[in-house]
Undergrad: 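Sending over a structure as structure tokens; questions will come in a sec.
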Protein chains: 2
Amino acid sequence: MSEDNLSRAFAALADPTRRDLVARLTAGDATVGELAAPYDVSLQAVSKHIRVLEDAGLVTRSRDAQRRPVHLEAQVFDLMTGWIERYRRQAEARYERLDAVLGTLDESAHPRSTTQQGAAS
Amino acid sequence: MSEDNLSRAFAALADPTRRDLVARLTAGDATVGELAAPYDVSLQAVSKHIRVLEDAGLVTRSRDAQRRPVHLEAQVFDLMTGWIERYRRQAEARYERLDAVLGTLDESAHPRSTTQQGAAS
DNA sequence: ATGGTATTCAACCAATCGGTTTACTACCGT
DNA sequence: ACGGTAGTAAACCGATTGGTTGAATACCAT
């Protein structure tokens with residue numbers, strides 16, 4: 001489940017309008033109409049964007065009469081930072097080891113180059 | 001420059017094959033051929049994926065004879081975690097304030113609901 | 001110079017995306 | 001029941017995406 005979710009989450013945030021919607025939702029829940037107002041695209045387009053964010057698990061919608069308030073969900077952000085940080089740290093750790101080796105050999109510049117494969121997902 | 005870069009970075013990581021490539025590159029630089037080997041898609045397809053990662057600033061390529069070693073760049077990851085964390089924290093801060101208010105009023109559940117807009121980028 | 005190795009470029013294809021417009025559904029107020 | 005308000009669904013369109021195959025380029029080895 002997670003693998004696909006991660007793809008949808010990253011894809012959802014690849015669009016500047018959707019990132020902007022997320023940014024605005026950190027200030028509090030909002031209706032589709034309120035969210036659509038600032039943009040010059042149609043309400044339907046914004047509704048679609050919200051659907052994408054919802055499918056990615058970034059937001060949820062409830063019902064309040066004919067209004068459908070949109071609410072930001074924080075968990076998926078953790079999933080993404082988790083993924084990014086995992087590999088960023090691995091990469092950094094590797095460079096630290098490399099630096100250590102180079103330091104031992106007392107070399108000046110960092111002419112990095114190594115080989116080989118790694119792990120999954 | 002940053003706005004567009006962020007879009008490309010998120011879009012790049014929205015593809016599972018590309019995330020896998022990134023994962024493997026944390027173990028060290030690798031050539032296109034080495035990177036392509038584990039997948040059943042064509043070498044050209046992998047070459048294209050690497051191009052996308054490069055355009056997003058996630059990797060760089062150097063030259064070593066006819067080989068083009070691919071190297072992972074950590075900075076763009078920081079850009080992404082930066083964006084995510086900014087809004088995640090804002091959202092969390094808001095809930096803490098809300099919890100505080102609800103706590104003062106001594107209510108049991110968390111029937112969240114607020115309104116209004118926020119900021120840009 | 002000839003051939004092999006490593007990689008990209010180019011043209012093409014089906015599928016998805018972000019947008020549109022024109023309906024339709026859902027709920028409230030009176 | 002009637003009209004207005006809030007939102008979704010459906011059909012369509014041009015652009016982009018991820019993949020393919022075939023041809024080109026860049027470099028090393030002999």
Side-chain angles (χ1 to χ4, degrees), chain A residues 3-22 24-25 28-56 58-71 113-117, chain B residues 3-22 24-25 28-56 58-71 113-117:
Chain A
E3 166 73 355
D4 220 44
N5 257 326
L6 202 49
S7 292
R8 275 197 290 263
F10 278 122
L13 293 182
D15 184 282
T17 304
R18 277 182 313 246
R19 280 202 306 281
D20 195 54
L21 288 169
V22 167
R24 292 174 51 211
L25 284 168
D29 299 6
T31 68
V32 177
E34 285 165 352
L35 288 170
Y39 309 104
D40 56 351
V41 299
S42 68
L43 185 80
Q44 290 92 324
V46 175
S47 181
K48 272 198 192 179
H49 278 308
I50 294 168
R51 186 92 164 59
V52 173
L53 291 170
E54 189 181 27
D55 288 346
L58 292 164
V59 305
T60 52
R61 273 128 134 194
S62 44
R63 181 170 270 287
D64 163 31
Q66 59 270 112
R67 249 149 265 115
R68 311 289 315 277
V70 182
H71 171 75
S113 102
T114 326
T115 353
Q116 259 30 39
Q117 358 86 281
Chain B
E3 167 73 357
D4 222 42
N5 256 327
L6 201 49
S7 291
R8 274 197 290 262
F10 278 122
L13 293 181
D15 184 282
T17 304
R18 277 184 313 247
R19 280 202 306 280
D20 196 54
L21 287 170
V22 166
R24 291 175 50 213
L25 284 168
D29 298 5
T31 68
V32 178
E34 285 165 352
L35 289 169
Y39 310 103
D40 58 351
V41 300
S42 68
L43 186 80
Q44 291 94 322
V46 175
S47 181
K48 273 197 192 178
H49 278 308
I50 294 168
R51 185 90 161 66
V52 172
L53 290 171
E54 190 181 27
D55 289 346
L58 292 164
V59 305
T60 52
R61 274 129 134 192
S62 44
R63 182 170 270 288
D64 163 30
Q66 59 269 113
R67 248 149 266 116
R68 311 291 315 276
V70 182
H71 171 76
S113 104
T114 326
T115 355
Q116 257 32 40
Q117 1 79 286

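Keep in mind that the numbers below use all heavy atoms, side chains included, and drop hydrogens, waters and symmetry copies. Residue numbers begin at 1 in each chain, while the letters A, B, ... track the order of the sequences.
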Undergrad: Starting from P on dT17(D), measure out to CZ on Arg8(B) and report it in whole angstrom.
TA: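 Rounding to the nearest Å, CZ of Arg8(B) and P of dT17(D) are 11 Å apart.
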Undergrad: Any side-chain N or O of Thr31(A) under 4.0 Å from OP1/OP2 of dA6(D)?
TA: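 No, outside the criterion.
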Undergrad: If you compare every side-chain N and O of Arg18(B) against the phosphate oxygens of dG18(D) (OP1, OP2), does one of them come in below 4.0 Å?
TA: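 True: Arg18(B) side-chain N/O within range (under 4.0 Å) of dG18(D) OP1/OP2.
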Undergrad: Which nucleotide, dT8(C), dA11(C), dT20(C), lies nearest any side-chain atom of Lys48(B)?
TA: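 Of the options given, the side chain of Lys48(B) lies nearest dA11(C).
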Undergrad: Looking at His49(A), I'd like to know whether one of its side-chain N or O atoms comes within less than 4.0 Å of OP1 or OP2 on dG19(C).
TA: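 True: His49(A) side-chain N/O within range (under 4.0 Å) of dG19(C) OP1/OP2.
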Undergrad: Determine the minimum heavy-atom distance between Leu35(A) and Arg24(A), stating which atoms define it.
TA: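 That closest heavy-atom pairing would be O-NH1, 2.8 Å.
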Undergrad: Taking only side-chain nitrogens and oxygens of Arg63(B), does any of them come within less than 4.0 Å of OP1 or OP2 of dT7(C)?
TA: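 Result: no.
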Undergrad: Taking N and O atoms by type only, does the side chain of Gln44(A) place a donor or acceptor under 3.5 Å from a partner on the base of dT22(C)?
TA: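 Result: at least one qualifying N/O pair found.
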Undergrad: Between Ser47(B) and dT8(C), is there a side-chain N or O to OP1/OP2 distance below 4.0 Å?
TA: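 Yes, such a contact exists.
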Undergrad: Just compare dT5(D), dT20(D), dG7(D) and give me whichever is closest to any side-chain atom of Leu43(A).
TA: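 Between dT5(D), dT20(D), dG7(D), the one nearest the side chain of Leu43(A) would be dG7(D).
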Undergrad: Nearest-Å distance, CG (Asp15(A)) to P (dT17(D))?
TA: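 From Asp15(A) CG to dT17(D) P: 12 Å.
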Undergrad: Shortest non-hydrogen contact from Tyr39(B) to Thr17(B)?
TA: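 Smallest heavy-atom distance, with atoms named: OH-O, 4.0 Å.
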Undergrad: Let me spell it out: for each of Val52(A) and Pro69(B), pick the nucleotide of DNA chain C with the closest heavy atom. Which residue's pick is nearer the 5' end?
TA: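 Result: Pro69(B).
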Undergrad: Which nucleotide in the list dG7(D), dT7(C), dG19(C) gets nearest to the side chain of Val32(A)?
TA: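 Shortest atom-to-atom distance from the side chain points to dG7(D).
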Undergrad: What's the CG-C1' distance between Asp64(A) and dG7(D), to the nearest Å?
TA: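 Taking CG of Asp64(A) and C1' of dG7(D), I get 13 Å after rounding.
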Undergrad: Can you see which heavy atom on Ala12(B) is nearest to which on Leu53(B), and at what distance?
TA: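 Looking at all heavy atoms of both residues, the closest pair is CB-CD2, 4.1 Å.
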Undergrad: For Val46(B) and Val41(B), work out which heavy atoms get closest and say how close.
TA: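 Reported closest heavy-atom pair: CG2-CG2, 3.8 Å.
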Undergrad: Any heavy-atom pair between the side chains of Asp64(A) and Thr31(A) that's under 4.5 Å?
TA: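 They are not in contact (no side-chain heavy atoms under 4.5 Å apart), so the answer is no.
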Undergrad: What's the CD-C1' distance between Glu54(B) and dT7(C), to the nearest Å?
TA: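 It works out to 13 Å between those atoms.
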Undergrad: Tell me the interatomic distance from Asp55(A), atom CG, to dT16(C), atom C1', rounded to whole angstroms.
TA: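 Asp55(A) atom CG is separated from dT16(C) atom C1' by 14 Å.
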Undergrad: Within this structure, what is the CG-to-C1' distance between Asp29(B) and dT7(C), rounded to whole angstrom?
TA: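 So the CG-C1' distance, Asp29(B) to dT7(C), works out to 17 Å.
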Undergrad: Could you check which of dG19(C), dT20(D), dC28(C) has an atom nearest any side-chain atom of Ala65(A)?
TA: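 In terms of side-chain proximity for Ala65(A), the closest of dG19(C), dT20(D), dC28(C) is dC28(C).
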Undergrad: Nearest whole Å is fine: how far is dA26(D) P from Arg68(B) CZ?
TA: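 Whole-Å distance recorded here is 11 Å.
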Undergrad: Ile50(B) CD1 to dA6(C) P: how many Å, rounded?
TA: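 Atom-to-atom, Ile50(B) to dA6(C), this comes out as 14 Å.
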Undergrad: With respect to the phosphate group of dA26(C), does any side-chain polar atom (N or O) of Arg67(A) fall under 4.0 Å of OP1 or OP2?
TA: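 Indeed not, no polar side-chain atom of Arg67(A) lies that close.
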Undergrad: Are any of the side-chain heavy atoms of His71(A) and Arg61(A) separated by less than 4.5 Å?
TA: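 SC-SC contact between His71(A) and Arg61(A) ruled out.
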Undergrad: Kindly point out which of dT21(C), dT8(D), dT7(C) is positioned nearest to the side chain of Arg61(A)?
TA: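 When the side chain of Arg61(A) is considered, dT8(D) is the closest of dT21(C), dT8(D), dT7(C).
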Undergrad: Closest to the Gln66(A) side chain: dA6(D), dA11(D), dT7(C)?
TA: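 For Gln66(A), the side-chain atoms sit closest to dA6(D).
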